[in-house]
2 protein chains.
Amino acid sequence: MTTDEAAATAAAAAPTGLRERKKQRTRGALVRTAFELFTRQGYDETTIDEIVEAVDVSQRTFFRYFANKEEVAFATQGAAEALCFDSLCARPTGEAPLTALRTAVLDAWDRMGETIEELVPTELHLRMYRVIESTPTLLAVHLRRTMEMEERLAREIARREGLDIDEDPRPRLVVAMFGGVIRVTGKLWGERDDLSTTALRDIAAHQLDYVGPALAEHWSKNH
Amino acid sequence: MTTDEAAATAAAAAPTGLRERKKQRTRGALVRTAFELFTRQGYDETTIDEIVEAVDVSQRTFFRYFANKEEVAFATQGAAEALCFDSLCARPTGEAPLTALRTAVLDAWDRMGETIEELVPTELHLRMYRVIESTPTLLAVHLRRTMEMEERLAREIARREGLDIDEDPRPRLVVAMFGGVIRVTGKLWGERDDLSTTALRDIAAHQLDYVGPALAEHWSKNH
DNA sequence: GAGGCTAATGTCAGCCTCTGACATTTGACA
DNA sequence: TGTCAAATGTCAGAGGCTGACATTAGCCTC
């Protein structure tokens, strides 16, 4: 999935001929139109026919670009995930796993804007994220994608630490716990009014400060 | 969802009249037949028509018992989740959150057998779990259900500790982290040959022992 | 135990997602 | 310009799911 998205982005950056450019234009139009309809009237309330009619292509063409209706909804998420993974790979090997993950995510969110803007307006991307969080079908898919992402992160952590991922449970564990924090962050952010990446950053940083305390044997009543 | 499942189980235990008994029989037949077909030939490869033909009811009847094809696949999971939640509620208030969660889950797995057996043979339930883990669509739904479950657990933890869940992030965090461990456990168990609940217990206990070490600043190279 | 009430089921038409097969158009490139 | 291949369109159809309406079958009362 990430490979596909990366390839698509790379191709968009360096279009070879007219054919390739046209393809990117069609794909982009489908994504933007879908996002607009999904955010305006809801995911379930939008049919493929509406999307393809607005873009003026056949339904069959839609399904040649996207395997299913869900996939178009995650067009920008793929780029975001790739960014996050790359950030982790860029962290120095000496850094402790949890620290590296934390820094990588915050880092990725900082660089998010420019990358996303190439595909759709950032504001639309953020509004779409809320649609994903509030649409049961999409939320389910999102969680599965997140799980796949976590597996990749765990393998990278294992590589950094020189461990065999099938022998030592710690890489998967630390990523799973970290993923839990991020998920809670996303949820809280989705419930707020502040639709900005800085708000997202703040919540995440705040949550991560509580990882230690939350695992303590006994919690003091005041926080 | 849990309320529905609990109600269904309760009704099965004390059927009032012939009407109610017939309904439970139909529901049970649908679940068992679906499980059998799903585990034998796969979820995607099984059509609703196949199920209803084997049970000899109309397709419309199926959709009156289950909102969609996915729901029947989670018929026994609902009971398992309820059991887990009840176990947590039964833990003494003095127990530390993480300890209570750990004990509750291990406890629930011990009592799983009897509860499930009322619905379908336990072995079928376990085989079905593997189908869920290995079918993308079902895995996605499973993760969403898990997330909803985690929200309920977090609220119970907050209640036990006398905290406001919207003010203090720790309840959601500890549950999210714990959930991560359980998810890894389920995944590892699904990949093994040993299809028993005791194996599940062992893996979980082993994983939980690593929660502390995984969060440590630096990991020693030997485990 | 006949008859009315209502819950459960069946039937049917139709929408939406998604796929395979085949025809048509349109860049690319010699 | 003409050939090749890639992209798109058209069409038929399977499978999931729903609303509307008809039919069946427990239940309850007199």
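Below, chains carry the letters A, B, ... as their sequence lines are ordered, and counting in each starts from 1. The figures here come from the full heavy-atom set of this structure, side chains too, leaving out hydrogens, waters and symmetry mates.
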* Asked: Has the side chain of B:Arg64 got a donor or acceptor that lies under 3.5 Å from a partner of the other kind on the base of C:dG10?
  ->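 Under the 3.5 Å cut-off, the side chain and the base do form a donor-acceptor pair.
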* Taking atom types as they are modelled, is there a donor-acceptor pair under 3.5 Å from the base of C:dG20 to the side chain of A:Arg60? -> yes
Measure [atom1]/[X] against [atom2]/[N] and give the value in whole Å, please.
| X | N | atom1 | atom2 | answer |
| --- | --- | --- | --- | --- |
| A:Ile51 | C:dT17 | CD1 | P | 8 Å |
| A:Arg25 | D:dA7 | CZ | P | 14 Å |
| A:Gln24 | D:dA7 | CD | C1' | 13 Å |
| A:Asn68 | C:dC16 | CG | P | 18 Å |
| B:Glu71 | D:dG16 | CD | P | 15 Å |
| B:Phe62 | C:dT9 | CZ | C1' | 15 Å |
| B:Arg27 | C:dT9 | CZ | P | 12 Å |
| A:Glu53 | C:dT17 | CD | P | 14 Å |

Which is true for [X] with a 4.0 Å heavy-atom rule: it touches a base, it touches only sugar-phosphate, or it touches nothing?
| X | value |
| --- | --- |
| B:Phe66 | nothing |
| B:Thr46 | sugar-phosphate |
| A:Thr47 | sugar-phosphate |

* Which nucleotide in the list D:dG16, C:dA8, D:dA7 gets nearest to the side chain of B:Lys23? ->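 Of the candidates, C:dA8 comes closest.
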* To do: Would you tell me whether B:Asp49 and B:Thr47 have side-chain atoms, one donor and one acceptor, within less than 3.5 Å of each other?
  =>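 The answer is no; no qualifying pair exists.
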* Non-hydrogen side-chain atoms of B:His125 and B:Met128 separated by less than 4.5 Å ->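 A side-chain contact is absent here, since even the closest heavy-atom pair is not under 4.5 Å.
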* Using 30° and 60° as the class limits, which term best fits the ring planes of B:Trp189 and B:Tyr129: parallel, tilted or perpendicular? -> tilted
* Structure fact -> Sorted by position of nearest nucleotide on DNA chain D, 5' first, the leading residue of B:Lys22 and B:Glu70 is B:Glu70
Is any side-chain N or O of [X] closer than 4.0 Å to OP1 or OP2 of [N]?
| X | N | value |
| --- | --- | --- |
| B:Thr26 | C:dT9 | yes |
| B:Thr61 | C:dG10 | yes |
| B:Tyr65 | C:dT9 | yes |
| A:Lys69 | C:dC16 | no |

* Structure fact -> Assert: residue with more 5' nearest nucleotide on DNA chain C, out of B:Ser58 and A:Gln59, is B:Ser58
* When you look at A:Asp168 and A:Arg170, which way does the salt bridge (charged side-chain N to carboxylate O under 4.0 Å, His left out) test go after all the steps? -> CA-CA 6 Å; A:Asp168 197 308; A:Arg170 291 174 297 174; 2.7 Å; yes
* To do: Assess whether atom CG of A:Asp56 is packed by more than 12 heavy atoms of other residues, nucleotides or ligands within 6.0 Å.
  => no
